[in-house]
Amino acid sequence: DLLPEGHLKVPIRINSTSDIQLIQLEYRDLYTNEVELRNLTSKDFKVVNDPAALLNKEHHSMKGIMDTNSIKYVELPLNEIGFYQIKRIIDSKNFSLKVYHSHLIVSHCPVATIAGAGSFDRCVGDSDKLTIELQGVPPMRLGYSKAVGGQQHTYLDSNLQPEYFESPLQSTPRHMFSSGDLEDLRWARTHPVTISLDLPVTQEGLYNYRIDRLVDGLGNVCLLYTSD
């Protein structure tokens with residue numbers, strides 16, 4: 001279950017004037033629910049001198065977050081799909097730092113494929129039947145388009161999820177979850193969703209279908225280009 005580039009670089013913001021000697025993580029497998037404590041020493045992570053590349057624009061624009069000598073960023077390399085929570089951070093003086101906002105779910109990247117059914121040749125008045133197969137953490141949002149005769153039509157579908165699916169992500173995307181949400185992490189697994197399209201052929205020409213964008217329930221974005 002290695003991630004596409006081998007590992008995910010996760011920045012941890014730490015307020016301490018001392019070096020960090022230990023970060024203890026709780027790791028939970030999304031599919032077996034097995035829990036494991038992992039102790040990371042200074043050999044397993046590195047202090048980031050210039051955290052701008054790891055932070056989004058909103059955090060980077062916050063004044064003063066990098067002007068304080070006690071603020072440092074540590075980069076954690078995570079290489080497995082699963083749930084992570086920081087349990088302890090110990091500095092070089094053997095002090096245990098207070099931990100805030102420590103939950104993180106690392107999922108598979110969402111993917112989508114599009115395929116047509118039957119012959120590639122259609123007549124005006126026929127139906128153009130397509131299926132779009134999605135794999136990701138629901139609920140997902142999909143953007144796709146159809147181009148014919150020099151005209152392009154864009155479509156957006158949201159709240160894409162399996163039937164009877166329940167998830168804390170259905171109301172509002174969140175980065176913090178309640179203890180009840182975390183008891184059973186099946187909602188954070190990758191789930192398949194199939195979209196069946198039956199579109200009328202109304203004019204002559206070459207019909208091109210393209211998947212533009214897929215966003216999973218955790219906010220992971222995949223930009224795609226697949227044509228039929």
| field | From I90 atom CD1 to L97 atom CG, the distance as rounded to the nearest 0.5 Å | value | 7.0 Å
Please report, to 0.1 Å, the donor-acceptor pairs under 3.5 Å made by any side chain of residues 183-196, with sequence neighbours excluded.
{"residue": "D184", "atom": "OD1", "partner": "R186", "partner atom": "N", "Å": "3.1"}
{"residue": "D184", "atom": "OD1", "partner": "R186", "partner atom": "NE", "Å": "3.2"}
{"residue": "D184", "atom": "OD2", "partner": "R186", "partner atom": "NE", "Å": "2.8"}
{"residue": "D184", "atom": "OD2", "partner": "R186", "partner atom": "NH2", "Å": "2.7"}
{"residue": "W187", "atom": "NE1", "partner": "D181", "partner atom": "O", "Å": "2.9"}
{"residue": "W187", "atom": "NE1", "partner": "D184", "partner atom": "O", "Å": "3.1"}
{"residue": "R189", "atom": "NE", "partner": "L30", "partner atom": "O", "Å": "2.7"}
{"residue": "R189", "atom": "NH2", "partner": "L30", "partner atom": "O", "Å": "3.3"}
{"residue": "R189", "atom": "NH2", "partner": "Y31", "partner atom": "O", "Å": "3.4"}
{"residue": "H191", "atom": "NE2", "partner": "R186", "partner atom": "O", "Å": "3.0"}
{"residue": "T194", "atom": "OG1", "partner": "E133", "partner atom": "OE1", "Å": "2.8"}
{"residue": "T194", "atom": "OG1", "partner": "E133", "partner atom": "OE2", "Å": "3.3"}

| What are the two closest non-hydrogen atoms of S92 and S18, and how far apart are they? | OG-CB, 3.5 Å
| request: Report yes if some heavy atom in the side chain of V137 is under 4.5 Å from a heavy atom in the side chain of I105; otherwise report no. | output: no
| note | Residue pairs meeting ring pair (Phe, Tyr, Trp, His ring centres under 6.0 Å), one or both in residues 128-154, sequence neighbours left out, come to Y144-Y155
| If you round to the nearest 0.5 Å, how far is CD1 of I20 from CG of D91? | 5.5 Å
| query | According to a 4.5 Å side-chain heavy-atom criterion applied to Ile, Leu, Val, Met, Phe, Trp and Tyr, with indirect links allowed, do L22 and I89 form part of one hydrophobic cluster? | reply | no
| task | Verify the neighbour count for atom CD of E204: are there more than 12 heavy atoms of other residues, nucleotides or ligands below 6.0 Å? | result | no
| field | Test item: Q135 and T113 side chains (from C-beta on) under 4.5 Å apart, heavy atoms | value | no
| Can you tell which of I211, V111, D216, L142 makes a side chain to side chain contact (heavy atoms under 4.5 Å, CB included) with L134? | L142
| CA sep, side-chain torsions, deciding dist, call: K98, N15, side-chain contact (heavy atoms from CB on, under 4.5 Å) | CA-CA 9 Å; K98 192 172 290 187; N15 187 353; over 6 Å; no
| Does the side chain of K146 reach to within under 4.5 Å of the side chain of D128, using non-hydrogen atoms? | no
| remark: So OH of Y84 and CG of L104: to nearest 0.5 Å the spacing works out to 8.0 Å
| request: Please report the C-alpha distance between V99 and K87 in whole Å, then the side-chain angles of each, then the deciding distance to 0.1 Å, and finally whether the side-chain contact (heavy atoms from CB on, under 4.5 Å) criterion is met. | output: CA-CA 7 Å; V99 176; K87 302 296 289 184; over 6 Å; no
| request: Working to the nearest 0.5 Å, report the span between NE2 of H108 and SG of C222. | output: 14.0 Å
| said: If you define the side chain from C-beta out and look only at heavy atoms, does anything of P138 sit under 4.5 Å from P162? | reply: yes
| Does any non-hydrogen side-chain atom of L76 lie less than 4.5 Å from one of L25? | yes
| remark: On a heavy-atom basis, the closest approach of Y27 and I81 is OH-O, 2.8 Å
| query | Between I12 and V47, is there a shared hydrophobic cluster once you connect ILVMFWY residues whose side-chain heavy atoms come closer than 4.5 Å? | reply | yes
| field | 4.5 Å side-chain heavy-atom contact, I132 and L130 | value | no
| message | Does R28, at its CZ atom, have more than 12 non-hydrogen atoms belonging to other residues, nucleotides or ligands within less than 6.0 Å? | response | yes
| field | Under 3.5 Å: donor-acceptor pair, side chain of K72, backbone of D19 | value | no
| note | Value for CG (D212) from CG (L214), rounded to nearest 0.5 Å, stands at 11.0 Å
| request: Please round to the nearest 0.5 Å and tell me the distance separating atom CE of M140 and atom CG of N159. | output: 10.5 Å
| message | So Y209 and L199, do their side chains get closer than 4.5 Å, heavy atoms only? | response | yes
Could you list the donor-acceptor pairs under 3.5 angstrom formed by side chains in residues 35-43, with sequence neighbours left out?
{"residue": "E36", "atom": "OE2", "partner": "R38", "partner atom": "NE", "Å": "3.3"}
{"residue": "R38", "atom": "NH1", "partner": "E80", "partner atom": "OE2", "Å": "3.0"}
{"residue": "R38", "atom": "NH2", "partner": "E80", "partner atom": "OE2", "Å": "2.7"}
{"residue": "N39", "atom": "OD1", "partner": "Q24", "partner atom": "NE2", "Å": "3.0"}
{"residue": "T41", "atom": "OG1", "partner": "D44", "partner atom": "OD2", "Å": "3.4"}

| field | Heavy-atom pair of closest approach, residues T202 and Y207 | value | N-OH, 3.4 Å
| query | Given side chains that start at C-beta, do those of P110 and V215 come closer than 4.5 Å, heavy atoms only? | reply | no
